[in-house]
Amino acid sequence: MNAVVVMKDIEKSFPGVRALHNAQLELRSGEVHALMGENGAGKSTMMKILAGIYRRDGGEILLDGKPVDINSPRQAQDLGIGIIHQELNLMPHLTAAQNMFIGREPRKAAGLLLDEGKLNGQAAEIFASMHLKLDPRTLVGGLTIARQQMVEIAKALSYRSRVLIMDEPTAALNDAEINELFAIIARLKAEGVGIVYISHKMDELKRIADRVTIMRDGEYIGTVPAETTPVEKIISMMVGRALTDERPDVPDHSNSEVVLEVRNLNRGATIRDVSFSVRKGEILGFAGLMGAGRTEVARAIFGADRRDGGDIFMHGKKVDIHMPQDAVRAGIGYLSEDRKHFGLATGMDVRNNVVLASLRRFTGPGGLLKEAAMHDVAVRYIDQLAIKTPSDKQEVRLLSGGNQQKIVIAKWLLRDCEVLIFDEPTRGIDVGAKNEIYKLLNALAQQGRAIIVISSELPEVLRLSHRIAVMCEGRLTGILSGGASQEEIMHLATLRGEGANNNNKQTKPAKGEAK
Amino acid sequence: QDKMYIPLISKGFQHQFWQAVKAGADKAAADLGVTVTFEGPDSETQVDRQIDMLAAALAKKPAAIGFAALDSQAALPLLQQAKDAKIPVVAFDSGVEGDIPVATASTNNIAAAALAADKMAALIGDEGKVALVVHDQTSRTGIDRRDGFVNRMKEAHPKVEIVAIEYGEGDHLKSTEITKAILQANPDLKGMFGANEGSAIGVVNGAKELGRQLVIIGYDSGAQQKAAIRDGQMAGAITQNPVGIGYKTVEAAVKAAKGEAVEKNIDTGFYYYDKTNIDQPEIAAVLYD
Amino acid sequence: MSATASSGTASIGSKFSGAHRLLAFASLIALVLVFSLASPNFMQTSNIIAILQATSVNGVLAIAATLVIITGGIDLSVGTLMTFCAVIAGVVLTFWGMPLGLGVLAAILAGAASGTLSGTFVAKLKIPPFIATLGMMLILKGLSLVISGTRPIYFNGTPGFTQISQGSLIGTVIPGLPIPNGVLILFLVAIATSFILERTILGRFTFALGSNEEAVRLSGVNTDRWKIAVYALAGGICGIAGLLIASRLNSAQPALGQGYELDAIAAVVIGGTSLSGGRGTIIGTLIGALIISVLANGLRILSVAQEWQTVVTGSIIILAVYTDILRRRRL
Amino acid sequence: MSATASSGTASIGSKFSGAHRLLAFASLIALVLVFSLASPNFMQTSNIIAILQATSVNGVLAIAATLVIITGGIDLSVGTLMTFCAVIAGVVLTFWGMPLGLGVLAAILAGAASGTLSGTFVAKLKIPPFIATLGMMLILKGLSLVISGTRPIYFNGTPGFTQISQGSLIGTVIPGLPIPNGVLILFLVAIATSFILERTILGRFTFALGSNEEAVRLSGVNTDRWKIAVYALAGGICGIAGLLIASRLNSAQPALGQGYELDAIAAVVIGGTSLSGGRGTIIGTLIGALIISVLANGLRILSVAQEWQTVVTGSIIILAVYTDILRRRRL
Ligand SMILES: Nc1ncnc2c1ncn2[C@@H]1O[C@H](COP(=O)(O)OP(=O)(O)OP(=O)(O)O)[C@@H](O)[C@H]1O
Ligand SMILES: Nc1ncnc2c1ncn2[C@@H]1O[C@H](COP(=O)(O)OP(=O)(O)OP(=O)(O)O)[C@@H](O)[C@H]1O
Ligand SMILES: [Mg+2]
Ligand SMILES: [Mg+2]
């Protein structure tokens, strides 16, 4: 097979950061080429250079063997290079279809008028081919991250590129959507499209990748065939050492004190009568399909959204939560799934984002801030979570996606709440760091925190949870014990319709269930 | 090169009245061989901006200064500074309190507006409702013209009722809208007084747009006001002698700078003009386009 | 406007449909009701026409401002640009004695040219819109005075000129309805702009730029060019406003115009357009402009003392917007 | 939503350091140089003091506006609030004959109270800052006229009052340097506000609110309270501006003030503070205010015709900001 794209000896530096040095990539048509590396390894930067967003400082790009200069996104498009960005790049006030075809709108009346009907029709066609149930006329700003991601994918497909770059397309997706995406990838591959695929989910490699290129610290490490190379080898190439990953035993919490109890939580059609409790030292996982309502439950508990009904108890005492500050005061922290909009002040530096929820602690008399103490804490978390940043004064928006996520985690670790709700905590985080975060969550639980983890990655839920709550269409369809199987979870996650709430007896009686 | 330099700090700049004052000053400058500059804030409320202009003028070490105070008290420290530096100050348009100005070239706005009131009363038969559109609620000229008109009506024409006084910043369009609302609210209104050029034109426009006939008296001149008087839409108007004010101010300033004696109060006068006398030479001489 | 609403979906701009569309008028209708009850002089044809005519200039300026604001920018130069265009019409018609049509064209072209310049500052030189248009506001203000020789230019030599705003085409067709052409032009401009916003590619990019300019750029679109086009269109509309005011006053008043931008922007924001861009409607802007005119007219009709008029106006603007926020929250 | 982040460097507030700090003055220094060469009257102690004095009021207003703008809001009421506070001082000192200290306190408290009200409208009622402060601007304008009886209130009964701005503490210590107290107060306010912005929790939240309010709220912070606090602080600073202008004019001029917000906001934006929030410095604002004053003064000193002054001012504002953009891009 011929190489469609060859990137040779690519160099790229940002002020204070050398993002790429001698980076290499060779992509053939009709192959899925995985690009792997730790957070901040330079994967996104490499791809942005290929997509005409950044100019390279050095090196060469060959397209079909001919050297090319790619200076703008437009030029990349014209050369047949499409990209799905890691960070969503959508116009929230426009509809899904309008987003997909921005700049390429079908026209009528001799090109003078927009043809909205055709636009929506074409979008609907692409959605149908993806088995995505989405009205092309919905405003993108109102969609969940996952659905926005699907719109991005649909947009990239609509370009019909020869080379398609996917930068962590599955970070926000759950298994069903991932399956759908992989089916699409298989189709594209058959059509001879060359796909660069970036992901931190190791299991995906075996499923779709043909070859894997590994990067570390902006440098090329090697390219290996996906099928025959053991995952451990790839990981050790990524992190420069071997990782061990053993699942700790599920501890018994049945005698521990109930810290948080939620009774009959309701909010419109998205949360229906959800009740559960978490005990001291326990990690409660939340599983479910996209839009099952897990994020909504978390936000309602946290006071970020108004709720129509339901009581929240801490240590058996009812607490009034109307605003996030009430929740934090009661000892509940919430790490949002959407770091860009709800998690970070991206224009501020690392230090200030880490202390954002705990600023009071660093305030002396007269409202004076203790910068030195803030610095120490920030540096401590930078070390502990291996956050890749030139200093704690770096603006957060200049960090790689995974490192941004770590900063949100650091913020809540510092706030030290009794109950911590993590919504997709490892989204976009590399294997090594993921492991660190799992260890951290376990340690937090051992210290006596009650932890809720919402995750769309079933292995993660299974790996972490002491018990697993499963939601479907706003209902809590069951709570499983830690040792549950994927099949059991999927059964509950698709248990639709009325009466699901009464189905608790179908579920395995979980250890330590309050009722 | 060594021409005598005399800056005039005015109350305004863009209005035609001030442009006429400037024209007079420029003429005097040409006649007397001196350099003048003419500056004023955008609106008559901007007392502090005028002070800044005065400060810059002083920094240029002028031979004398012409000054039309928006608020003479506020300018006192700088005027004192001028006096200390032996720079003579000639007040124009309205007076400056205290003994600093060596001369004052001004119009008696109160008396002029009172004359407008008398004319209005005569034209409407000494009874009925009238209204005022004034350019400014707080500036000296605005207050004087309003009060001169209103007080004269109260004293001499008790049967004339003043039903509305509104302020339109001398903006033609705003004054038009104001007039229309006043006319709408008072179907039996007999007359209106516009206290400066923009206000007067606004009154004329408003009445015309609503197709209402009433007695309109204006203030100052300008092509549109003159035309309105000629074709009968406006009964008449008060005119000052802006060109004369500008000319006399510069003249007095030059004299004072040379150390010559100057007349303390230079009354530049005002006239009522209407269709009958608009073309008489003494009136035509003080009108501007 | 009804373009996308007819299909019953929530798409850009057309948040109003059916009953909601009526509710959007709530504040305006409430105001009209109150004033009608308070004074019999308010609800009269002549006064309604006066209100509409008082809206025409500010309404057209506000439409221009709406375009720029939807892109996430702001245009402080609308007021002085209007004056500048009026002066240009004066130069062409009165100084040079050209025919009416050329004067109209010159005014609109001058507006578009100035808009192109502002747009270039913003898009190419990356000067923040506030500064670029503030600078243009001052430049245009000065140029108007320079060109006109700091005196009004009268249009007495062009008899048809006053008809642009003051004549009544509608009145000649339907004698009972002497709606001035100025009002007609306002509505025509509103309909045309609304059409451009909702149906054409330029409109699509107007919203897209305000929603997420970076995303548009990354989609391979020449964002600069489109942004300049929006500013140019807004400038051209200011040219129309310049013709309206000059025709109304039968003169180009070179000193007028500064301060008008605030009324225009206020109308836009009262009309529900977001200053952070991406969201807005022309119908909202029209309602906003009407609210401002009705308030001014009604308070004057009630003979409220002018200092109190200001207080009441301020309070009602806040109240009107708050009501609108409450209404939307409930929906 | 997604403000297109311009590629600024470094972190909150502390954009200027070392050599860059000097470069930031580039436009200002260039202006001063040009004017000094063009006229010997420019670079004279008395004129420099006049320029500083002319900056004092606008500078203080601009500092107030900076705070609100950093939170991502805008404050159109700074000008009329200044006047309102001056009138309040007049009422307390002249009408009621209270001692000087009480008048000063009353003015600052009135400012803070009004700021609290604006802040409450914005934070609690979710009224867009533009509308909330536009409403307040009108309300305060009207109230100033009502309270003062539409005429200036003179402070002749309080002899020390003019000293607030016109006296010279520095002059009594260093006789050769008769810098008026107004200028001293401007710098003190700048230092104090800068300190609050950079070193205290209120300042940190000011930046954080402008950077991403929702993220701050979801961090468990009572964003409403902090936002109101920022508006209140800004209001108090406007109170100081009110005292300065009243002292300078020895009178509270009730009609003055509208339009001043534009100069203040212009100073802020020229000084590099972003209107989309999250970024800005007080030193930048000071430089911006100085650029405006130097321009106005210099052009007057050069006896440039007034209509051309406006044109030149507009052009130089655009140029100054563009130079600054180029400089930052190069760094
Ligand atoms: N615009 C920028 N300015 C400064 N530094 C940058 C910029 N963009 C990226 N970097 C830095 O370059 C390095 C590579 O970042 P990149 O986003 O390519 O990482 P990545 O491999 O995609 O990581 P992740 O898996 O976390 O997405 C990081 O250290 C990052 O902080
Ligand atoms: N901002 C919003 N506006 C309108 N609907 C929303 C919004 N956010 C969520 N929803 C809807 O609420 C429902 C629950 O969504 P939620 O995000 O809680 O699901 P989830 O289980 O967390 O799934 P995900 O994996 O996508 O995060 C879905 O139907 C979703 O479309
Ligand atoms: Mg990345
Ligand atoms: Mg979710």
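Predicted model, so just to flag it, every value in this text is computed and none were measured.
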Residue by residue, scan residues 69-88 of chain D and write down, ordered by number, those that have a heavy-atom distance under 4.5 Å to chain C; if none do, write 'none'.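 The stretch touches chain C at D:Leu76.
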Report, by ascending residue number, the residues of residues 142-149 of chain D in heavy-atom contact with chain C at a distance under 4.5 Å; give 'none' if the set is empty.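 So the qualifying residues are D:Gly142, D:Leu143, D:Leu145, D:Val146.
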Heavy-atom count check: over 12 atoms from other residues, nucleotides or ligands less than 6.0 Å from C:Arg151 CZ?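 No.
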Measure distances from [X] to the heavy atoms of chain C and classify the residue's part below 4.5 Å as side chain, backbone, both or neither.
{"X": "D:Gln309", "value": "neither"}
{"X": "D:Ile265", "value": "both"}
{"X": "D:Ile127", "value": "both"}
{"X": "D:Leu275", "value": "side chain"}

Greatest number of heavy atom pairs closer than 4.5 Å to chain D - which of C:Leu262, C:Leu134, C:Leu319, C:Ile318: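 The candidate making the most pairs under 4.5 Å is C:Ile318.
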At a heavy-atom distance under 4.5 Å, which candidate from C:Val321, C:Ile270, C:Ile316, C:Leu140 has the highest pair count against chain D?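 With the most close heavy-atom pairs to chain D, the winner is C:Val321.
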Please report the shortest heavy-atom distance between C:Val269 and D:Ile131, naming the atom on each side.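 Looking at all heavy atoms of both residues, the closest pair is CG1-CG1, 3.3 Å.
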Nearest heavy-atom pair of D:Thr150 and C:Glu307: which atoms, and what distance?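 Closest pair (atom of D:Thr150, atom of C:Glu307, distance): CG2-OE2, 3.9 Å.
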Rounded at 0.5 Å granularity, tell me how far NZ in C:Lys126 sits from CD1 in D:Ile325.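 Interatomic distance, C:Lys126 NZ to D:Ile325 CD1, rounded to 0.5 Å: 9.5 Å.
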One pair to check against side chain to side chain contact (heavy atoms under 4.5 Å, CB included): C:Leu138 and D:Ile317. What are the steps and the verdict? CA-CA 10 Å; C:Leu138 294 173; D:Ile317 285 178; 4.1 Å; yes
Please identify, among D:Ala305, D:Ala320, D:Pro128, D:Ala266, the residue contributing the most non-hydrogen atom pairs under 4.5 Å to chain C.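 Ranked by contacts with chain C, first place is D:Ala266.
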